[in-house]
Each structure stands twice: as C-alpha cells, then as structure tokens.
Amino acid sequence: MSAAARTARGWLEERGLLGEDVVGARVDGVVYDLHTPLPAGARCVEPIRLSDPDALPIVRHSSAHVMADAVQRLFPGTRLAFGPATDEGFYYDYERPDGAFTEEDLARIEATMREIVAADRPFERIELDREQARALLAARGERFKLEHLERIAPPITLYRHGDWFDLCEGPHVPSTRFLRAFKLTSIAGAYWRGDERNPMLQRIYGTAFPSEAELRAHLERLEQARQRDHRRLGRELELVTFHPWAPASPFFLPRGAVLYERLIAYVREQYARRGYVEVVTPQIYDAELWRRSGHLPSYAANMYLALTAEDVDRIVERLAGRGPLAADEIRAVVADAVRAGIKPMNCPGHCLLFAARRRSYRELPLRVADFGRLHRFERSGVLHGLTRVRSFAQDDAHVFCTEEQVQDEIAAFLDFVHEVYEDFGFGPARVVLATRPDQRLGDDARWDRAEAALRAGIEARGLHYEVAEGEGAFYGPKVELHLKDALGRAWQLGTIQLDFNLPERFELEYVARGNERRRPVMLHRAVLGSIERFVGVLVEHTAGALPTWLAPEQIALLSVTEAQAEACHRMAERLRAAGVRAVADTSSEKLGAKIRAARVLRVPYLGIVGARELEQGTVSLRRRDEELGTVAFDVLLERMRAESVPPSQRGREPVSWSEPRGPSPPSRRM
RNA sequence: GCCACCUUAGCUCAGUGGUAGAGCAACGGUUUCGUAAACCGUAGGUCCCGGGUUCGAAUCCCGGAGGUGGCUCCA
C-alpha cells in the first residue's frame, strides 16, 4: 500500500478543479475515480462531472453497492456475487438462503437505499494483500467473493462506504449523496458466473441517473418501447395471433399474411436480378439425412422428430415381453424406430439437390434459394413473440461455389444486404467477421484461406468491420450483419457463413475445367434472416406505421354520408384493379370515427369522399398526419401505384420471373 | 430447461373466502354527420386446466399448461 500515491482528488483539489459535482477524472483518456492513485507519469487529468456521460457507469456501479448494503441490512445472511453497471442501469446478484425477493421487498430496499444516500457516507478505496482480503471476506461468509478473490490479480481493493464494504475495483462516486435518482426495476434468476451448471442466484435490477429528470426520461423511453412492442402491435394491428396448442408458432392473420407475402415477393424480385434460383424442398426427411448432415445427434435437442403409427407399433413390438430393460436399451430401440425428422434447416436438402446430377464448373456459383418452413424446438424460456419462435421461414439460400469465388460472393451479398436494409429504412449495418473457434473442422491453412476470402469480400466494398475472434461456426467463418432499429436496439438479421463441412459429408463434387472432380464450398446466407423475426423487428422499428409498399391496406376511402357509399366502393374497386390494396369504409359512423379506426390500423393513406369530392371526381387525401389537399382520382391512382414499389426499384423496369427475358444462361439451371 | 411473476368477456383491466363486473370491441336499432371515439339497447364467462382445503374457492394450497422479465442458448 503506498500512502504517498496521489489520487485524482488531490490533483484536482490543488488546481481548484474539484467542484461539487465532480465524481471522477479522465486520466489521459482513462476513467478513474477520485480514490484511485494516479499512474506514474499521468499527464492530462480532467474532471468528470455528473453531467458527463462517463459519470453514468460510476453512478450506477455505486448504486449497486448501496443496493447491496441495503439488502444485507434488511436480509442478514444474504451473500453477494457480482454487481456491475450495465448499459441500462445496474444489477447485483445475491444468494439468499431464506427464499426469493418479492416486489414488496424492492420498495423496502429502495427506502433503505435512500437512507444510506441521505447519510452521505463517503466512499473509500482500500488496497490490501490477498491474505487480508481473504480474512475479511471469510469472516462475512462471502463464499462467492472468496472464489472470485482467487481469480483476480493485485492490486486487490475493497471499496467501503459506512460500515459496508465490497471486493471491488471501482470506480465509485466520492460519497453516497451523489446518488440522486435511482429505481429498482425487477427481480430475476441468474446463474453464478453465467453457467447453468452453477447455482441459481437472485438478481435485482435497477437503474440510476445523475438527475431525477433523466431517470424520468428513461422510464418514459421504456414506456414508448412498450407501446411499440411488436407483440402488442401484432395483436392490435391484426397481424398475428398465437394459441397455446402451438406454442411459439405464429398464425399470420390476413393483414399479417399480406405483409409476410410482400416481404417474400420483395426478396424474390431481388433474387430475379441477382442470379438466384428458387426451389421447393421436403419438410420431413429420413433420419439418415440428419445423420449424414451431422444434425443427429449434435442438433437433436432442437429437432422435432416425426413418428408414424407404424413406427409406434415397431417400438411396441420390440419392447413388448422383453421384461425390465435399462433406460439405454429402451432409448436405443426408440431411436432406431424414429425414422424421420422435420427440417430445422434447408441446407442438407439442398446438398441432396446439388448431388442429384453431375455438376459442371460452368454452373457455379449456384445460388439456391428456399423459403421452406423450418421447425426448431427452442427451450421454453427463450421464446419471445415473433423474434424467437419454433416455426418460421428464412429468406434462405445456399451458394455452391469454388473457394476462389467466395470473395466475390461475399461482396455481392453485402451489396444485396445494403440495398435491402436501405429499402426498409434501417441505418447502416454493423459488419462483424466471426473467426475460427477452438472446436473446429478443417486444417489451419484452409481457415486462413477462408477468413482471408471473407475479409477480402468485405474490404472490396470498403466497409468498416469488427472481428469477433473465435465466434465462427465449427464448420467455417461467418460475416454477421447487425442493425439498429428506431429505438436503438441491435438485431442480428443477415448473415453469410462459409461451410466446408457439408460438402465433405455429402461428398459434393463438380467437374472442373480440366475434367477433374473438385469439391465445392457452400455459403449459407440470409438477408432478412427469419421472415417472422423480420416482421417483429420491422413493426417495432416503424411503430406499426409500415411503409406504403408493405402496408396491408394502403388506402382507406371514407364516405362522409351514405350518398357517397356507392362512389367509395367503385373507387376502391378501381384501385384494387390497378394493384393497390384499397378498402372502403361506408359505415354509418361519423367521419371522425372512421378516420380514427383507420389511423388505429396505421393505414398510410386516407381518402375522404364527401359531396364536394363526388361532384368534382376527386378525393380529399391525407397521408398519416400530412394533409395533401384535394386530388383528382387519377392522380391518386398514379401516386398509389408509384408508392407500391420498394424505394430501390422505383423507376426500374418491373421484374418478371414468369417469362424470363432472353435465354437463361446454363448456370441458372437447377 | 432454471429463477421470479402473471393468466377474470375478443382487447385493456377491477374484483383478497359468501349472487362474477367496467370501458372499448361485437350484434340490433336510431342517427347521415367534413378530418382521431354519435346515442340507445342486446348478447357475451369452464374466472387457464386438474386435484386438494373449506359449509362455501376467481380468491388459500399442490401439480400442469401458456405467457412475461431475466439467466443459459440462438435466425
């Protein structure tokens, strides 16, 4: 312990910079609290005030300490695990021998926290050796802290306020009075060290801000997020519904199905221009396929298996009259009798298609798309609305190509993704390259080539990217695209993954230029990811106000009185004939009520037809909150048609895939 | 799967051991109205399911299902 070491507090005090609201210091760009000795040779020391963004984690971490102090006062015998600041607030994990915390406990804990804050206890940093720390923690029975102590390197520090201390490296505010605005938000279970084999602890979440106003603003943001939650909007906008007999398996209602089908139609248009072919493949395959692909047994826990009555009979026959059997013997009989699996992925089926006949290098790259429905058994706790379901379709495609072609495919894919995300109004995506994990297939030379190809593909598009070391799949590296929605939440949607495993397992081959047999590589890729998840993300991003080209109803024609009912229906009919999704509301409600009904469903265009408009052959048009005045019906029709096309395709010739333009190149055959 | 909580009319929610309620939606009627909610009436319930305690259970206890927030896992 070096008493002579100077802290930021001393440094700032000497220069008269230690204001009332200073909670820490940036020392050559690194955040320090006022208690920690400055590193030798520190040059630039600036105060961090409460209003500084860097103050937030300090305030939150200190709030976690005060909460833990309050909890241990109210519930003696409670032991501490970890209690960090997070992006949203803070939490502390506890082991409480006498049962769970309740909602009422939170209020009591908050009250005690306020007492500790009011008492204005200074925080203090204590540096000590391992033996001393061990003794102090052992005296309090802090078994998790003791375990953690053995893992950390010196300097070992405690932080104390009042009589309460914690093994902690800081940083912390100067005193408890700096904690002005906090709220405990929820109770949850969490495993010690995040490992499900470890004991379950109780986590209390809270959030804290430098001021009451900021805390209120934060709670308001949460309320806004709740208002645009896709599960709520999905029901209100009549997009989806669920039933307990098909848990986590959405039913798309007519309005939702329009959106779903528009998304797929949009991706199909893209495919037509980008050299993809689409196939339709089986839903259920013989178990042999899943053994070959490696899904059995390694993905078996996520698979639905299919049994026929004959399979059941076979099991019964083989088990009947064989006396008491061990679990393993029964398991073997059952496993042998289960002859089919419902697909959780399209890739093995596509391998069968590739191998269905001799392939030439001239066909490569072969881009095979499939909107097939997938079923994955997901553990109940992970399910969430449309974003984590058990039944879904992806805008899935597999690209069979040579190693040399990978780079160009990556680049083309990134162009594809970029245009698509722009069409939906998302900001730029974060590009992440996930590299070789510890457990992997294939030699290092191959991984070197694969990762270099992915890198080169990204760089060919001049994109900034991050590297997630060791995050790749066991069969190959991948590029992930993360984007942020309107509320700043990040989602991983698109991905492209290189796979050398499946072509090996299925012994895929093509005939190369010199007539020799070569093995292709495979790229798994999706742009929207799962359509279900994408609908969820898009609904939250747009708060349900979908762009006109995707809206289930693009325009509602509203009559003012019964005299215009006939005309409204005729106009709607003409719009529909022109491919516009139009509805007419000619009920006997007042105009205001009809407007409200259409606004609640977020119909983008409202056309009002009263006596005046009827006479002039016009409609009074508004687009959400925007008054567009009176427009002639033909003008309206043109406008609606123009807006029915995704932004990137406005002014482009419509793509037709029923009649290919010109002879299709041989490489597009399947 | 694990921890906690929740489940009452289509939706949002009251109802703490003693006769199941409200608003909106639905349905019928009246109203024909100019930019976010007309008026009157009618109907609607296995209080998630099963078991238990009790003279009596939406309410208390146990088990199950589904959902929610986390943890772990992931498109």
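In what follows, chains are A, B, ... by sequence order, proteins preceding strands, each numbered from 1. Everything numeric here is computed off the predicted structure, so don't read it as measured data.
- Side chain A:Glu378 to base B:A75: a donor-acceptor pair is found below 3.5 Å.
- Using a 4.0 Å heavy-atom distance criterion, A:Ala598 is classed as making no nucleic acid contact.
- In terms of polar N and O atoms assigned as donor or acceptor, the side chain of A:Glu613 comes within less than 3.5 Å of the base of B:G34 in a complementary pairing.
- Nucleic acid contact for A:Glu562: base, since at least one base atom lies under 4.0 Å from a heavy atom of the residue.
- In this structure, A:Glu103 reaches neither bases nor backbone, as no heavy-atom distance under 4.0 Å exists between it and the strands shown.
- Backbone-only engagement by A:Gly194 is indicated by non-hydrogen atom pairs under 4.0 Å involving sugar-phosphate atoms exclusively.
- A donor N or O paired with an acceptor N or O is found under 3.5 Å between the base of B:U72 and the side-chain atoms of A:Arg379.
- Using a 4.0 Å heavy-atom distance criterion, A:Gly381 is classed as a base contact.
- Residue-nucleotide stacking is present for A:Phe392 and B:A75, judged by a side-chain ring centre under 5.5 Å from the six-membered base ring centre and planes under 30° apart.
- Judged by distance alone, with hydrogens and angles left aside, A:Arg193 brings no side-chain donor or acceptor close enough to the base of B:C71 to form a pair under 3.5 Å.
- Nucleic acid contact for A:Arg231: sugar-phosphate only, since backbone atoms but no base atoms lie under 4.0 Å from a heavy atom of the residue.
- No hydrogens or angles were tested; on distance alone, a donor-acceptor pair under 3.5 Å links the side chain of A:Tyr191 to the base of B:G1.
- Put simply, the side chain of A:Ser620 and the base of B:U35 share a donor and an acceptor less than 3.5 Å apart.
- In this structure, B:U30 forms a base pair with B:A38, meeting either the Watson-Crick or the G-U wobble geometry with both donor-acceptor distances under 3.5 Å.
- Checking B:C71, B:U32, B:G66 against every side-chain atom of A:Val382, the shortest atom distance belongs to B:C71.
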Atom pairs under 3.5 Å, N or O on each side, protein against nucleotides 9-13 of chain B: can you list them with distances?
residue: B:C11; atom: O3'; partner: A:Arg235; partner atom: NE; Å: 3.4
residue: B:U12; atom: OP1; partner: A:Arg235; partner atom: NH2; Å: 2.6

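- Residue contacts for A:Glu627: at a heavy-atom cut-off of 4.0 Å it reaches a base atom on one of the strands shown.
- Comparing A:Leu383 and A:Leu493, the nucleotide of RNA chain B nearest to each residue sits closer to the 5' end for A:Leu383.
- Distances from the side chain of A:Tyr205 to the nucleotides B:U35, B:U72, B:G70 place B:G70 closest.
- A:Ala248 comes within 4.0 angstrom of the backbone, heavy atoms only, and of no base.
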